[in-house]
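When a ligand or atom number is given, it counts from 1 through the structure's own listing order. This chain uses plain numbering: 1 for the first residue, then up along the sequence.
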Amino acid sequence: MKVFKFGGASVKDAEGVRNVAAIVSANLNDSPFIVVSAMGKVTNALEEICNSYYQKNDDLHQLIETLKQKHFEIAASLVPKNDPVFDDLENIFAELYWAVEEEQIKAYDYEYDQIVSAGEMLSTRIVAAYLNHIGIPVQWLDARDLIRTDETFREGNVDWEFSANKITAAWHDLQLNNPGACILTQGFIGGTSDNFTTTLGREGSDYSAAIFAHCLNAEEVIIWKDVPGVLNADPKEFPEAVLLNEISYYDAIELAYFGATVIHPKTLKPLQNKNIPLRVKSFLHPDLPGTVIGKDDFKNTIPTFIFKKNQVLISISPRDFSFIIEENIRDIFEQLSERRIKVNLMQNSALKFSLCVNESNGKLKEFIDVLSQRYKVLYNADCELITIRNYTEELSKKLSNNRQVLVEQRSRNTLQMVTTNINS
Ligand code: ASP
Ligand code: MG
């Protein structure tokens, strides 16, 4: 069997759902286990709903109604009026209304997961209903019963043993009771032992697909995307980007870690551990082979570029001209980890520890304020982190041209530069 993951862009409208159905129908021989994300932009809309609820804004009901209308319209153009999916959608919206009618007494991250998870519940109900309607038998499952996590809301940690038991039991159950049907479930979400919903981090549906594949020893995972595969650069920034046919897990993990958005960084480990290849393919051109990520002897030598914008470079020095020592670094990292701030690059010298982080982390200001009580803290906002794997001097010059390089780091394969506009 294979695990197929369809992202938000592939199911953004009724046309998209029909296309997904065509892909599934052409690949029934693979006994696909189907993982679906929320319809395009729906997770963002739900984040807005969550913020509106939290800030007690007036637009809350309007935002929910807009989302409701969108899903009902898509469903209505796919299945007949009397399809039970409309009751399912009503129920999901009823739950959403309950969630936002409560007092905001629980932590934001908890509320976020209860609200934002609705996107995947809605999309999977619609896709499953359409597949069943056109005669592709599908068993819809609730991923919250399959993937067990702890209570780290917005970034649930998976209980692998428990989840593996649930997932294999569901699979065997299907073979026994409904052979020939496909399983279809949500990406991105899991559940705690108290039946609360958790999410696995933004763009986490790839990771869900990897969890299912790992637990079921799948033959392959296919992530169906709106790009032809893994390219050596973002084609939006780099029109001459080329497709990489094969890359190793190692290269792919490095690329994802440095910020290539094509695969969620947590996706690769569960697959590498079981030697399950990951194929990234275009849902618009399903006949093209895409990129295969797998064996270590897939050596990529093509230069690969990753541009991470909206970075802040922070430099931290003791106030009294003493060295930065291990205790300081421990202190800094404790503050980072408490606020779940991810470090994209770091460097230290005798008197200074520098780190580059995403501007978007809501706790960054607090981090800087806390450290400023003990250290001299300076920062540059609006930086760009440029990473080149398989770099050459020529490429390094070309990319830093017209930019000021604030920090540079090189290994044999990888060059990283934190840069800013020359006149900022
Ligand atoms: N729907 C979620 C998101 O947009 C998960 C995913 O698409 O992978 O972040
Ligand atoms: Mg997505």
Side-chain angles (χ1 to χ4, degrees), residues 3-13 16-17 19-20 33-51 63-64 67 70-71 74 89 92 96 99 108-109 111-128 141-144 146-147 149 152-158 184-191 197-214 221-227 230 252 256 259-271 278-283 293 340 342 358 360-362:
V3 175
F4 284 11
K5 181 257 169 174
F6 292 99
S10 68
V11 289
K12 70 176 194 306
D13 49 23
V17 176
N19 182 53
V20 163
F33 183 111
I34 306 162
V35 179
V36 181
S37 300
M39 295 180 152
K41 305 278 186 294
V42 166
T43 305
N44 291 352
L46 284 160
E47 282 188 343
E48 225 185 302
I49 288 171
C50 183
N51 291 337
L63 291 171
I64 300 180
L67 198 67
K70 174 189 169 109
H71 285 90
I74 294 175
L89 301 184
I92 298 166
L96 191 56
Y108 179 85
D109 288 356
E111 300 289 5
Y112 176 102
D113 281 1
Q114 312 319 303
I115 293 171
V116 169
S117 52
E120 272 67 15
M121 301 306 286
L122 293 163
S123 65
T124 51
R125 283 295 188 190
I126 294 176
V127 178
L141 293 180
D142 189 331
R144 298 172 299 186
L146 302 175
I147 296 182
T149 74
T152 314
F153 293 102
R154 297 187 70 179
E155 191 144 13
N157 295 300
V158 175
L184 186 144
T185 190
Q186 306 77 41
F188 183 51
I189 67 175
T197 306
T198 49
T199 63
L200 306 175
R202 280 303 306 263
E203 303 303 329
S205 298
D206 294 351
Y207 182 41
S208 302
I211 297 168
F212 292 122
H214 177 101
V221 174
I222 304 184
I223 295 187
W224 298 89
K225 288 191 73 90
D226 55 358
V227 289
V230 180
T261 50
V262 66
I263 316 153
H264 187 278
K266 280 186 174 171
T267 308
L268 293 150
K269 181 180 183 291
L271 301 179
L278 170 65
R279 194 180 284 275
V280 181
K281 275 176 76 125
S282 161
F283 59 75
I293 301 167
R340 290 206 244 150
K342 293 195 174 122
N358 299 346
S360 57
N361 185 298

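- Which parts of ligand 1 touch Ser205 is read off a 4.0 Å heavy-atom cut-off, strictly below it: atoms 5 (C), 6 (C), 7 (O), 8 (O).
- Side-chain N/O atoms of Asn51 and Tyr108 include a donor and acceptor closer than 3.5 Å.
- Near Glu120, the atoms of ligand 1 lying under 4.0 angstrom from a non-hydrogen atom of the residue are 1 (N), 2 (C), 5 (C).
- Near Arg202, meaning under 4.0 Å from one of its heavy atoms, ligand 1 places the atoms 3 (C), 4 (O), 9 (O).
- Contacts between His264 and ligand 1, counted as non-hydrogen atom pairs separated by less than 4.0 Å, are absent for every part of the residue.
- Judged by distance alone, with hydrogens and angles left aside, the side-chain atoms of Glu120 form no donor-acceptor pair with the main-chain N or O of Ser37 at under 3.5 Å.
- Listed by chain and residue number, nothing satisfies the salt bridge (Lys or Arg N to Asp or Glu O under 4.0 Å) test with Lys281 (two or more places apart in sequence, or in another chain).
- With sequence neighbours excluded, no residue forms a salt bridge (Lys or Arg N to Asp or Glu O under 4.0 Å) with Asp113.
- Residue contacts with ligand 1: Asp206 is placed with no nitrogen or oxygen under 3.5 Å of a nitrogen or oxygen of the ligand (distance criterion only).
- Using a 4.0 Å heavy-atom cutoff, Gly187 is absent from the residues neighbouring ligand 1.
- Residues Lys12 and Asp226 are not paired through a salt bridge, judged by the lack of any N-O separation under 4.0 Å between the basic side chain and the carboxylate.
- Counting heavy atoms under 4.0 Å from ligand 1, residue Ser37 touches it through the side chain alone.
- Side chain of Thr185 to backbone of Ala143: a donor-acceptor contact under 3.5 angstrom is found.
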